[in-house]
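What you see below is based on every heavy atom in this structure, not just the backbone, and it leaves out hydrogens, waters and symmetry mates. Chain identifiers are assigned alphabetically (A, B, ...) following the order of the sequence lines, protein sequences preceding nucleic acid strands; residue numbering begins at 1 within each chain.
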2 protein chains.
Amino acid sequence: MEPARWLTTREEQAWRLFVAVLMLVPGEVEAQLKRDAGLTQVDYGVLSALSEAPGRAMRMNELARMVNGSRPRMSQVVAKLERRGWVRREPTREDGRGSLAVLTDAGYAQVVAIAPGHVAAVREAVVDALSPEQLDQLAGISATLLDALEARRSGSS
Amino acid sequence: MEPARWLTTREEQAWRLFVAVLMLVPGEVEAQLKRDAGLTQVDYGVLSALSEAPGRAMRMNELARMVNGSRPRMSQVVAKLERRGWVRREPTREDGRGSLAVLTDAGYAQVVAIAPGHVAAVREAVVDALSPEQLDQLAGISATLLDALEARRSGSS
DNA sequence: TCTCATAAGTTGTAGCTACAACTATATGCG
DNA sequence: CGCATATAGTTGTAGCTACAACTTATGAGA
């Protein structure tokens, strides 16, 4: 264990601001989804991913990767969406273990109905709030952070 | 209601990457705090804020602003920290309504013990993963997003 | 074929979070 | 003063999240 390397003033400032963003921005976007449709960001991600998938269907596993969630979480989320009639589950034909989450017509209609409001919220909270340069920077920073995370997970296991 | 303005490919790409960051990065940092001390990011924020406050004490209200949390949440968090012996609550002298959260000696020792590991996790997950330019960009972007949020809250109430 | 390891999903549980309702004190105004 | 309103904190509850344990199926190898 090396001696602790503290953060410089500049680094700490950046971190503090970023933490505030991490705390507040997701809440802003989720508030709209919750108000308009009683959905979570993850719920919306699932419905949205299914709506764009071939056959409007996906394996649970794939769905989990798609929305950056764990498998247990997918089970819970899909169970909830199933109770509301927006998704149904079918056994998989090729793999006896798997489940296939399928978007129902009601679920598709729901996505179509919600999407505009969600996009507007995303615009208001992030996209339109930043300059085009900042948005590009944000994309680059995000990609870098995700790569680093991925590298850490493969490397130091 | 204006017609929905969709996201361009570039905007959507940036948003998707950013959502992944919002989902994954907090979890990375919290995992370390949870592992080493059974603490949440907010818990740590509270202890840390108290440790730097004059008299190692703060009003609940002020504490809430400090860590970007709601007052109900502070009550819960401080109650938990109090059960663990790291914080105690006192009535306020000037204002009969208020509570004052005070960091105990054990709580201060806890902060001192944890801080280096936390800083190392923050470095690994964010600060050292980015170039100095990117870190500055991130600070700017975060400030912009927070300003926009603040403006929305004052303006459109 | 039999066995073991691995993978896909589910379930159970404990802890965290958000939101509304409630108590108590303080402040402003007629 | 006396009432109305606003503010500080707490509590209760419902829903979400993380993690471990479990079930079932696949696949690889003796």
Side-chain angles (χ1 to χ4, degrees), chain A residues 22-46 57-84 87-102 157, chain B residues 19 22-35 37-46 57-84 87-102 157:
Chain A
L22 293 175
M23 294 282 193
L24 299 174
V25 169
E28 282 289 295
V29 175
E30 288 220 16
Q32 178 269 331
L33 282 172
K34 179 117 186 249
R35 220 179 327 104
D36 292 1
L39 288 178
T40 289
Q41 172 92 327
V42 175
D43 297 340
Y44 181 83
V46 167
M58 266 193 210
R59 291 287 294 270
M60 298 298 287
N61 203 4
E62 195 181 356
L63 212 43
R65 274 190 302 100
M66 207 68 175
V67 302
N68 305 302
S70 60
R71 256 163 282 170
R73 194 167 170 183
M74 281 310 102
S75 276
Q76 304 276 31
V77 169
V78 169
K80 181 179 68 177
L81 296 176
E82 196 171 30
R83 282 196 296 277
R84 298 190 188 172
V87 170
R88 87 187 113 81
R89 271 183 284 197
E90 297 180 355
T92 317
R93 213 164 302 284
E94 328 83 55
D95 187 337
R97 298 168 291 186
S99 278
L100 199 66
V102 185
S157 66
Chain B
V19 166
L22 293 175
M23 294 283 192
L24 299 173
V25 169
E28 283 289 296
V29 176
E30 287 220 16
Q32 178 269 331
L33 282 173
K34 178 117 186 248
R35 221 181 325 106
L39 288 178
T40 288
Q41 173 91 311
V42 174
D43 297 340
Y44 181 82
V46 166
M58 267 193 209
R59 291 288 295 270
M60 298 297 288
N61 202 4
E62 195 181 357
L63 212 42
R65 274 191 301 101
M66 207 68 176
V67 302
N68 305 302
S70 61
R71 256 163 286 176
R73 195 167 169 181
M74 280 313 101
S75 277
Q76 304 277 28
V77 168
V78 169
K80 182 179 67 178
L81 296 176
E82 196 171 31
R83 282 195 298 276
R84 298 189 189 173
V87 170
R88 88 185 114 80
R89 271 181 286 196
E90 297 179 354
T92 316
R93 212 165 303 283
E94 326 84 56
D95 187 337
R97 300 167 289 185
S99 278
L100 199 68
V102 186
S157 64

Distances under 3.5 Å between protein N/O atoms and the N/O atoms of nucleotides 26-29 of chain D, please, pair by pair.
{"from": "D:dT26", "atom 1": "OP1", "to": "A:Gly96", "atom 2": "N", "distance (Å)": "2.8"}

Output a table of nitrogen or oxygen pairs between the protein and nucleotides 20-23 of chain C separated by less than 3.5 Å.
none

Using a cut-off of under 3.5 Å, enumerate the N/O to N/O pairs linking the protein to nucleotides 3-5 of chain C.
none

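In this structure, B:Val102 and B:Arg89 have side chains that are not in contact, with every pair of non-hydrogen atoms separated by 4.5 Å or more. Side chains of A:Asp43 and A:Leu33 form no contact here, defined as non-hydrogen atoms less than 4.5 Å apart. Looking at B:Leu22 and A:Leu22, their side chains come closer than 4.5 Å, going by heavy atoms from C-beta outward.
Computed from C1' positions of five pairs at each end, the angle between the two local axes of the helix from C:dT1-D:dA30 to C:dG30-D:dC1 equals 10°, rounded to 10 degrees.
Regarding contacts with the backbone of D:dT10, a side-chain N or O of B:Ser99 is found under 4.0 angstrom from either OP1 or OP2.
With sequence neighbours left out, the side chain to side chain contact (heavy atoms under 4.5 Å, CB included) criterion links A:Arg93 to no other residue. Residues satisfying the side chain to side chain contact (heavy atoms under 4.5 Å, CB included) criterion with B:Gln76, sequence neighbours excluded, are absent altogether. The salt bridge (charged side-chain N to carboxylate O under 4.0 Å, His left out) test applied to A:Arg59 returns A:Asp95, not counting sequence neighbours. Residues passing the side chain to side chain contact (heavy atoms under 4.5 Å, CB included) test with A:Val67 are A:Val42, A:Val46, A:Met74, sequence neighbours excluded. Contacts of B:Arg88 classified as salt bridge (charged side-chain N to carboxylate O under 4.0 Å, His left out), with partners at least two apart in sequence or in another chain: B:Glu90.
Contacts with DNA chain C (heavy atom under 4.0 Å) in residues 60-69 of chain A: A:Met60, A:Asn61, listed by number. Less than 4.0 Å separates DNA chain C from at least one heavy atom of each of the following residues of residues 73-84 of chain B: B:Arg73, B:Gln76, B:Lys80. Shown for residues 26-35 of chain A: no residue has heavy atoms falling under 4.0 angstrom of DNA chain C.
Projected onto DNA chain D by closest heavy-atom contact, A:Ser70 and B:Thr92 fall at different nucleotides, the more 5' of which corresponds to B:Thr92. Toward the 5′ end of DNA chain C lies the nearest nucleotide of A:Arg71, the other residue of the pair A:Arg71 and B:Asp43 mapping further downstream.
Going from atom OH of B:Tyr44 over to atom P of C:dC16 covers 18 Å, rounded to whole Å.
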request  = Evaluate the criterion side-chain contact (heavy atoms from CB on, under 4.5 Å) for residue pair A:Leu39 and A:Lys34; output intermediate values, then yes/no.
outcome  = CA-CA 5 Å; A:Leu39 288 178; A:Lys34 179 117 186 249; over 6 Å; no
